[in-house]
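So that the names make sense, note that chain A is the first sequence line, chain B the second, and so on, each numbered from 1.
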Amino acid sequence: MDDTKASSSKDFIRTIIDEDIRTNKWGGKVVTRFPPEPNAYLHIGHAKSICLNYGISQEYNGVFHLRFDDTNPCKEEEEFVESMIEDIRWLGADWGDNLFYASDYYDQLYEWAIKLIKDGKAYVCDLTSDQISEYRGKWNEPGKESPYRNRSVEENLDLFERMKNGEFDEGSHVLRAKIDMAASNMNMRDPVMYRILKVSHHRTGDKWCIYPTYDFTHGQSDSIEKITHSLCTLEFEDHRPLYDWYIEQLGIHHTQQIEFARLNITYMVLSKRKLVQVVENNYVSGWDDPRMPTITGLRRRGYTPESIRDFCSRIGMAKSDNTVEIELLEHCLREDLNKRANRVMSVLKPLKVVIENYPDGKTEELDAINNPEDESAGTRKVPFSKVLYIEQDDFMEDPPKKFFRLAPGREVRLRYAYFIKCVDVVKDEQTGEIIELRCTYDPETRGGNAPDGRKVKTTMHWVSAEHAIEADVRLYDRLFTNANPLDVDEGENWLDNINPDSLTVLESCRIEPSLKNAKPQDRFQFERLGYFCVDKDSTSDKLVFNRTVTLRDEWAKIQKSRKK
RNA sequence: UGGGGCGUCGUCCAAUGGCAGGACAGAGGCCUUUGGAGCCUCUAAUGGUGGUUCGAAUCCACCCGCCUCAGCCA
C-alpha cells in the first residue's frame, strides 16, 4: 500500500502527528494499530480505518500493529480472526510480526486490577446488572453509590480472587473502578472492569472465568504496545477520559487517542449488527455475497484493493458526520478497472443475426485490441462467422430519436469486424417476438473501416454463435432502494428497503471464446456493458460472472430522463 | 434534560485573519471502431444574529440545527 497522497493539504490527524513530531512528543516515533473485535466480517468502514492507520505508519516511517480486541468470549470466534487477516492482507496492509491479541494481556490486566484494588481504586460490587444500571442515574441527575463501594481492600482482594477461581455465579459480582458516581460523563460512574463469564475463550480456553471489559482493556493494550496515536471513531470520545484515568492510575505509557467520524455510504448499511440481520434473514447468500459491503463481498464482486484504497484517501478524514455517495466508490472502481481490465466481447441477452451474404461454413480470425488504455496488453484473435449474436438491446424495430444502434435498413459496425445492414426481421408467428435478424455485410469494411469513407453511428459488440461459450452472468444492483436504508416511516422496518431486484441472473449468455480458461477473480471489461469478474461458483463446464459495475451509460441516462 | 462532538457547493474534503478551492454527482460541448475512456466549459456553498478588524468560513458572544452517551457489547 504505497499510494502517494496527491492532496497537498493534510487531514486533522496528520496535522496533529506533524506537530507531535515537530515537538518530539514521542521521540519522533509513530506507532498505530487496527484493533478489530473478531466477531464479524470486516466492511468498507473498517477499510477506512485500516487505510488510515496503516497509511500513517507508512508515511511517517512508523510501525503498524494488528491487534484483535478479544475481550468478549461469548461472541468471538477463530473464523473471524482468519477472515480478518485475509481481508486486511488483501487490502494491502502489512503488520509484519506485530500481530497481537488483547487476550495476550489478560495476566497483566489482572495484576493491574489487583493494583487498583490495593490502591483503593476498585471494588467488588454485588449489585445485579439492573441495579447497577439503576444506581448509575440519569444524564441530568447524579448516580447513587453502591452499598459495596467501601469494602475493605482485604475483602475486595479476597472476593476478586474468588471471582477468578469460579466460586461465584455469572452476574453475581463484578469488579468496578471507584471513580465518581456524580460525574457528568456516564463512563466515569464506577464502570465495570471485570465480569464473570463461565465460557471458554478462543485463545485462552478455560483459563479464565472472569474477563476484563473492553473499557478496562483497550487503553491499556494500546499502552502496552506503546501505540503513539490511537485512532478510533467518534463514539469513543466519551471513553477517552476513562482510558486516561486507568492509564494515569497505573502510571503507564499514555497513548494519545484521536477520534474521527465513521464512514457512511449511500445505499449501504455499514453497521455490524444490521449486516448480521441481512445475512441471517437470507437477503443475501452470506458474508461474501457480492452485494455485501464487506471486504470479502467487495472482493468477490470484483473490486480491487487499489480502488478501495483510492476511495479511502479521497473521502478524507474529519470529525463531521458524513455520508459519501456511492458514485464516488464506483468512480474509483471504474477508474482502476479501466486501466487494468482487458476488453472482451460478451452478449448478455443474445439476439441471433444471420449474415445472408457471408459464405456458409467460413470462419475468419479478426484482430482485437485487449486494452486501449494499455498497449502492453496486446491483441487477440476473435472468430467471425455467418451466424452471430448481438445484444437484444442493440436492436429496435421502431427506434426513437437518439437510438443510434441497429434498426431495419440501418447500417452499423460490428467491432473489429464489418459493417452490417439489417435487411429483415424474423418474428415468432405466435408471440410476435423478434427471434432473428437477417443482415448483409460489406466485405470491403473488414476490420471496421469503409474504404469509401462512409460513417456509421454505432459500433456494437457481438460473438460468433458457433464459437461462443455459454455462461451465467449475475447482474448486481444496489442492495437497498433508499439512499439512506435506515430512513423508514413509523412502524416500518428498514429491511423493507432491501432492493428486490438487487440480483438478476442471466443464463446462457454468450462469451467470447478467449475466456474459456478464465479463473475465479479474473476481471474483464465486457465492452459496452461493464466490468465483470469470474465467480468462485464457476465449474469446468460453466463459467459464472459477476457484474462488478456497469460502464457509464449515456443511452441509459437518456432513457431514464425520458421516463421522468 | 446533563456531558461530549459537529455545522463550507447536491455529496465528501480543503482554505487556520487576506481572491472560498478540489473531487464525485449534474448540465453542455469536443473527440471516439466501446453511447466506454479522454479533453474542455458551466452550474453550485460558509446555519443565523450581533461584535472585534482595513479585512472574518476562520477570532468573540448569543442563538439555531444535527450527531452521540444512561451494556456486566465493542
B:rC69 and B:rC54, which share atom name C1', separated by this distance in whole Å: 46 Å
Sugar-phosphate only, base, or nothing, as touched by A:Asp238 at under 4.0 Å among non-hydrogen atoms: base
Short side-chain N/O contact to B:rC69 OP1/OP2 from A:Arg136, under 4.0 Å: no
Sugar-phosphate only, base, or nothing, as touched by A:Lys319 at under 4.0 Å among non-hydrogen atoms: sugar-phosphate
Phosphate OP1/OP2 of B:rG71: any A:Ser133 side-chain N/O under 4.0 Å: yes
Touch class at under 4.0 angstrom, heavy-atom based, for A:Leu529 against every strand present: nothing
Sugar-phosphate, base or nothing in reach of A:Tyr211, heavy atoms under 4.0 Å: nothing
Between P of B:rA23 and CD1 of A:Ile315, the distance in whole Å: 18 Å
Donor-acceptor pair present, A:Glu327 side chain and B:rG26 base, under 3.5 Å: no
N/O donor-acceptor pair, side chain A:Glu141 with base B:rU1, under 3.5 angstrom: no
Sugar-phosphate only, base, or nothing, as touched by A:Tyr194 at under 4.0 Å among non-hydrogen atoms: nothing
B:rC13 OP1/OP2 closer than 4.0 Å to side-chain N/O of A:Ser320: yes
Sugar-phosphate only, base, or nothing, as touched by A:Thr266 at under 4.0 Å among non-hydrogen atoms: nothing
Residue matched to B:rC30 through Watson-Crick or wobble contacts both under 3.5 angstrom: B:rG38
Side-chain N or O of A:Arg528 closer than 4.0 Å to phosphate OP1/OP2 of B:rG35: yes
N/O donor-acceptor pair, side chain A:Arg262 with base B:rC67, under 3.5 angstrom: no
Watson-Crick/G-U partner (both atom distances under 3.5 Å) of B:rA56: none
Atom P, compared across B:rA44 and B:rC9: separation rounded to whole Å: 14 Å
Watson-Crick or G-U wobble partner of B:rA45, both distances under 3.5 Å: none
Distance-only donor-acceptor test, A:Asn185 side-chain atoms vs B:rG4 base atoms, 3.5 Å: no
Among B:rG7, B:rG35, B:rA37, the one nearest A:Arg405 by side-chain distance: B:rG35
Side-chain N,O (A:His331) to OP1/OP2 (B:rC24) below 4.0 Å: yes
Donor-acceptor pair (no angle test) under 3.5 Å: A:Glu325 side chain, B:rG10 base: yes
Pairwise C1' distance, B:rC19 and B:rG4 [rounded to whole Å]: 37 Å
Sugar-phosphate only, base, or nothing, as touched by A:Leu127 at under 4.0 Å among non-hydrogen atoms: base
Sugar-phosphate only, base, or nothing, as touched by A:Lys457 at under 4.0 Å among non-hydrogen atoms: nothing
Under 4.0 angstrom between A:Thr71 side-chain N/O and B:rA74 OP1 or OP2: yes
Base paired to B:rA15 (Watson-Crick or G-U; both N/O distances under 3.5 angstrom): none
Base paired to B:rA74 (Watson-Crick or G-U; both N/O distances under 3.5 angstrom): none
Value in whole Å for how far the C1' atom of B:rU16 lies from NZ of A:Lys10: 16 Å
Pairing partner (Watson-Crick or G-U wobble, both distances under 3.5 angstrom) of B:rC66: B:rG5
Earlier contact from the 5' end, RNA chain B, for A:Pro372 and A:Ala318: A:Ala318
Integer angstrom distance from the P of B:rA56 to that of B:rC24: 33 Å
Between B:rG47 and B:rA15 - P atom distance, rounded Å: 16 Å
